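Step one of this worksheet: look at the structure below.
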Amino acid sequence: MYWIDIDEWNIVSKTSASTPLMDVLVDDDFAYLQLGGGIQTFAVDTGEPAWPFEPEWTAVGISSSDERVFVIDATAGEGGTLTALEKGTGEIRWTTDVIGETYSSPVVGNAVYVLNNEGTLYALEAETGDLEWRERVTDTPDRYTIPAVRDGTVYVSDESGGQTVALDAETGERTWEAPIPRDDGTGESSTTLSAPVCTPESVLVGAAPGGLVALSQSDGSTQWQASSHSIVSNLVMNANGVYALSPDGVVAATDAVSDESST
């Protein structure tokens, strides 16, 4: 992992890491890096090591909130565990194995949401780890099938059905299912979908084939579709637009955050 000065674009330092099974996470306080199967945190203002966490097997997913860090441990042959840590110290608050085997990062919203390798979405109470609800949402999960949460709704891409599914964040009840069209005149759904991301009014999903699609958060109807490029990665969003990879290179949807698309 390289530490780069964004003003001068100089490499300040670098930290050796094991073969990554987990994406690097950076929040306002720490950078979290997988080292030797465990987690090492670094203060973002100084780059100095803070606290480590050694799971039983291998850390494969991580997310954080203002007070907690949530780590997925792919416990060998015994399913997976989710551990909640005190953010400032790394002290363990709770651990649960109710989620089963998973390699996907958790998502923090009204609760902590985890999609396991069988395609079941779990909602866990963030303070205790107690199970609030679970719902089978897809037959084709992978470590990049990460839910999105906004305004009381959880959104999950279901590649087996070529659709995006919306669920009530408190109950797990499905509120809508929206097929992601190929946009080639066949009427068929796309079969490779990115994880959804949310703008203030839309749910954005990348598809191959199908391009970038904006769905209404209220009912899943298609607001617009930019199909000039197939999307073969998850989406990255900032205030200027949405970015993804296509077979031709990087695609930028510069007006996507305001529900208008130009690629």
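On a predicted model such as this, the values are computed, not experimentally measured, just so you know.
There is no path of hydrophobic side-chain contacts, each under 4.5 Å, that joins V107 to V112. V236 and V250 fall into different hydrophobic clusters, where Ile, Leu, Val, Met, Phe, Trp and Tyr side chains are chained together by heavy-atom contacts under 4.5 Å. Criterion: ILVMFWY side-chain heavy atoms under 4.5 Å apart, direct or through other members. Under it, V137 and V149 are part of a common hydrophobic cluster. Connection of V205 to I146 is not established within any shared hydrophobic cluster, with ILVMFWY side chains joined at heavy-atom distances below 4.5 Å, either directly or through further cluster members. Criterion: ILVMFWY side-chain heavy atoms under 4.5 Å apart, direct or through other members. Under it, V60 and V98 are part of a common hydrophobic cluster.
Contact annotation: the side chain of L82 never approaches that of Y122 to less than 4.5 Å [non-hydrogen atoms, C-beta and beyond]. In this structure, the side chains of Q34 and I62 stay at 4.5 Å or more apart for every pair of heavy atoms. Between N116 and P141 there is no side-chain heavy-atom pair separated by less than 4.5 Å. In this structure the side chain of K87 reaches within 4.5 angstrom of the side chain of D27, judged on heavy atoms. Side-chain contact check for L212 versus L235: some heavy-atom pair is nearer than 4.5 Å. L193 is not listed as a side-chain neighbour of Q163, based on a closest heavy-atom distance of 4.5 Å or more. Under the 4.5 Å side-chain criterion, counting only non-hydrogen atoms from C-beta, L167 is in contact with V156.
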Derivation of the side-chain contact (heavy atoms from CB on, under 4.5 Å) call for F30 and W51: CA-CA 10 Å; F30 297 105; W51 50 262; 4.1 Å; yes

Test side-chain contact (heavy atoms from CB on, under 4.5 Å) applied to I4 and W9, step by step: CA-CA 6 Å; I4 299 173; W9 205 242; 3.8 Å; yes

Stepwise side-chain contact (heavy atoms from CB on, under 4.5 Å) test for L124 and L131: CA-CA 5 Å; L124 306 172; L131 178 65; 3.8 Å; yes

Step-by-step side-chain contact (heavy atoms from CB on, under 4.5 Å) determination, L215 to W176: CA-CA 11 Å; L215 306 173; W176 51 257; 4.2 Å; yes

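Applying the side-chain hydrogen bond (donor to acceptor under 3.5 Å, both in side chains) criterion to S63, with sequence neighbours excluded, gives no partner residue.
Residues T102 and S104 bring no donor and acceptor atom of their side chains to less than 3.5 Å of each other. Residues E86 and T89 bring no donor and acceptor atom of their side chains to less than 3.5 Å of each other. Between the side chains of S230 and S246, no donor N or O sits under 3.5 Å from an acceptor N or O.
Checking side-chain atoms of S190 against main-chain N and O of T192 turns up no donor-acceptor pair under 3.5 Å. Listed for the D73 side chain is a donor-acceptor partner under 3.5 Å among the backbone atoms of T58. With hydrogens and angles disregarded, a donor-acceptor distance shorter than 3.5 Å links the side chain of S157 to the backbone of S194. Between the Q217 side chain and the T199 main chain, a donor and an acceptor come within less than 3.5 Å of each other. The main-chain N or O of G100 is never found under 3.5 Å from a side-chain atom of D97 such that the two would form a donor-acceptor pair.
Taking all atoms of both residues into account, the shortest heavy-atom contact from T138 to S160 is OG1-OG, 3.7 Å. The shortest heavy-atom contact between A208 and I231 is CB-O, 3.3 Å. Scanning all heavy atoms of the two residues, the minimum distance from F70 to A126 falls at CE2-O, 4.0 Å. The two residues V203 and C198 have their closest heavy-atom pair at CG2-SG, 4.3 Å. Closest approach of A50 and Q40 over heavy atoms only: N-NE2, 3.6 Å. Taking both residues in full, the closest heavy atoms of V44 and A31 are given as CG1-N, 3.6 Å, listed atom of the first, atom of the second, then distance.
Within a 6.0 Å radius of CD in E54, other residues, nucleotides and ligands contribute more than 12 heavy atoms. Summarising the local packing, OH of Y144 is surrounded by 12 or fewer heavy atoms from other residues, nucleotides or ligands at distances under 6.0 Å. The local environment of CG in D219 is crowded, with over 12 non-hydrogen atoms from other residues, nucleotides or ligands closer than 6.0 Å. Atom CZ of R134 sits in a sparse spot, with 12 or fewer heavy atoms from other residues, nucleotides or ligands closer than 6.0 Å.
Classified by interplanar angle (parallel below 30°, tilted 30° to 60°, perpendicular above 60°), the ring pair Y113/W133 is tilted.
Taking 4.0 Å as the cut-off between side-chain N and carboxylate O, R68 and E127 count as a salt-bridged pair.
Atom OH in Y155 sits 11.0 Å away from atom CG in L204 (nearest 0.5 Å). Here the CG-CZ distance, from D29 to F42, works out to 15.5 Å after rounding to the nearest 0.5 Å. Atom CG of D130 sits about 9.0 Å away from atom CH2 of W94, to the nearest 0.5 Å. Between the OG atom in S64 and the CG atom in L85 there is a gap of 11.0 Å [rounded to 0.5 Å]. Within the model, atoms OH of Y243 and CG of N238 stand 4.5 Å from one another, a figure rounded to the nearest 0.5 Å. Rounding to the nearest 0.5 Å gives a distance of 9.5 Å between CG of L115 and CZ of R136.
Among residue pairs with one or both ends in residues 149-173, none qualify as salt bridge (Lys or Arg N to Asp or Glu O under 4.0 Å); sequence neighbours excluded.
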